[in-house]
Amino acid sequence: MPVPMRRLALALTLCCALLAGSTGWAVGQSTPQHSPTVAVAAATPRPTTPAEKQKLAKTRFVANAALAAGATYQWIVKPYKQGKFKKGAPHRKATLAKAALAGAFTYNRLKAAERNAHGDPLLSKALAPLSSAIAGLKALPSKLRKGDSSAVQDYNNVINKVKGAGSSAGAPVKDKVPSDSQLIRGS
């Protein structure tokens, strides 16, 4: 019993000291002081452009677009070509679930790539016409779950257009298959 009582007494003493110190500080702050003030010139804020807000925009664009392309090919296009989406195919439900997850991942990464593209003037111009196509991918995971094969072509077309836009802006995109944990996290 002596050790817990000592700890309790120490804790109580520290709390009282902190309370008394903070109260004394607060009282000192509320009373007007007659000390001379010194004017310090503050740095004037300046507007930042999107390019300044995002460093390495082209590199980030390539990384996000590559992950989107890799996920699309690995879990949507490749299983479709192998016939794993057809009725009666073994593990069809699991394949469709992974494809839907990859579709959501692809949409997420392409939206991130689109934001990255705004940091680079050349990429921004090249990717501007694809904004509506990328936004259209949002509804495709549900089509994949229902077994609609046109969704596969839509994904593939958008990925190819993004790759083309990147190449024309000097940022070639190569497929990079994301890990399972990246696919689940969405990044």
Side-chain angles (χ1 to χ4, degrees), residues 48-187:
T48 57
T49 64
E52 290 176 329
K53 287 182 183 177
Q54 194 170 95
K55 296 181 191 255
L56 304 172
K58 209 176 255 191
T59 305
R60 288 180 176 188
F61 166 81
V62 169
N64 284 320
L67 285 171
T72 299
Y73 181 75
Q74 182 69 27
W75 288 295
I76 298 174
V77 174
K78 189 173 158 183
Y80 174 73
K81 286 181 178 178
Q82 294 171 347
K84 293 184 178 182
F85 291 161
K86 292 181 181 176
K87 289 189 180 197
H91 310 290
R92 179 176 181 259
K93 286 185 180 182
T95 304
L96 285 173
K98 272 190 177 179
L101 187 61
F105 177 84
T106 298
Y107 172 75
N108 182 340
R109 292 296 87 205
L110 285 178
K111 289 303 277 185
E114 186 178 24
R115 284 190 304 273
N116 298 139
H118 292 299
D120 184 68
L122 205 57
L123 266 174
S124 183
K125 288 178 185 173
L127 210 61
L130 299 178
S131 293
S132 61
I134 292 170
L137 292 179
K138 191 172 187 174
L140 292 182
S142 63
K143 281 185 173 181
L144 280 174
R145 272 186 250 117
K146 293 176 185 172
D148 188 356
S149 61
S150 68
V152 174
Q153 281 301 344
D154 292 342
Y155 273 111
N156 205 22
N157 291 339
V158 171
I159 291 295
N160 288 334
K161 288 177 183 176
V162 168
K163 282 181 172 181
S167 292
S168 70
V173 176
K174 296 179 182 172
D175 294 5
K176 181 179 185 318
V177 179
S179 67
D180 289 339
S181 63
Q182 284 177 316
L183 189 67
I184 291 168
R185 279 192 331 249
S187 61

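Note that the numbering runs from 1 along the sequence shown for the chain.
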Check whether any side-chain heavy atom of V177 lies under 4.5 Å from a side-chain heavy atom of Y73, and answer yes or no. no
Should F61 and L127 be marked as a side-chain contact (heavy atoms from CB on, under 4.5 Å) after you check the CA-CA gap, both sets of side-chain angles, and the distance that decides it? CA-CA 11 Å; F61 166 81; L127 210 61; 3.7 Å; yes
Taking atom OH as the centre, does Y80 end up with more than 12 heavy-atom neighbours from other residues, nucleotides or ligands that are less than 6.0 angstrom away? no
For atom NZ of K163, is the number of surrounding heavy atoms from other residues, nucleotides or ligands below 6.0 Å larger than 12? yes
Taking every heavy atom of P129 against every heavy atom of S132, the minimum-distance pair comes out as O-OG, 4.2 Å
R92 side chain to F85 main-chain N or O, any donor-acceptor pair under 3.5 Å? yes
To the nearest 0.5 Å, what is the distance between CD (Q153) and CD1 (I76)? 11.5 Å
From S131 atom OG to H118 atom NE2, the distance as rounded to the nearest 0.5 Å: 5.5 Å
When N108, T59, N116, V173 are each screened for side chain to side chain contact (heavy atoms under 4.5 Å, CB included) with N64, the one that passes is N116
Spacing of NZ belonging to K111 relative to CD belonging to E114, to within rounding of 0.5 Å: 4.5 Å
Rounded to the nearest 0.5 Å, how far apart are NZ of K176 and CD of Q182? 5.5 Å
To the nearest 0.5 angstrom, please state how far the CG atom of N157 sits from the CG atom of L130. 11.0 Å
Test side-chain contact (heavy atoms from CB on, under 4.5 Å) on V158 and I134; report intermediate values, then the result. CA-CA 7 Å; V158 171; I134 292 170; 4.2 Å; yes
Walk me through whether L110 and I159 qualify under side-chain contact (heavy atoms from CB on, under 4.5 Å). CA-CA 9 Å; L110 285 178; I159 291 295; 3.9 Å; yes
From CA spacing to verdict: side-chain contact (heavy atoms from CB on, under 4.5 Å), F105, L67: CA-CA 9 Å; F105 177 84; L67 285 171; 4.1 Å; yes
Closest heavy-atom pair and its distance - A69, D175: CB-OD1, 3.2 Å
Heavy atoms of A165 and L123 approach each other most closely as O-CD2, 4.5 Å
Under 3.5 Å donor-acceptor, K58 side chain and A169 backbone: yes
Going from OH on Y155 to CG on L140, what distance comes out if it is rounded to the nearest 0.5 angstrom? 5.0 Å
Minimum-distance pair of heavy atoms, taken over all atoms of K84 and A89: O-CB, 3.7 Å
What closest approach, in Å, do A126 and S168 show between heavy atoms, and which atom pair accounts for it? CB-OG, 3.8 Å
What pair of heavy atoms forms the shortest contact from A102 to W75, and how long is it? CB-CB, 3.6 Å
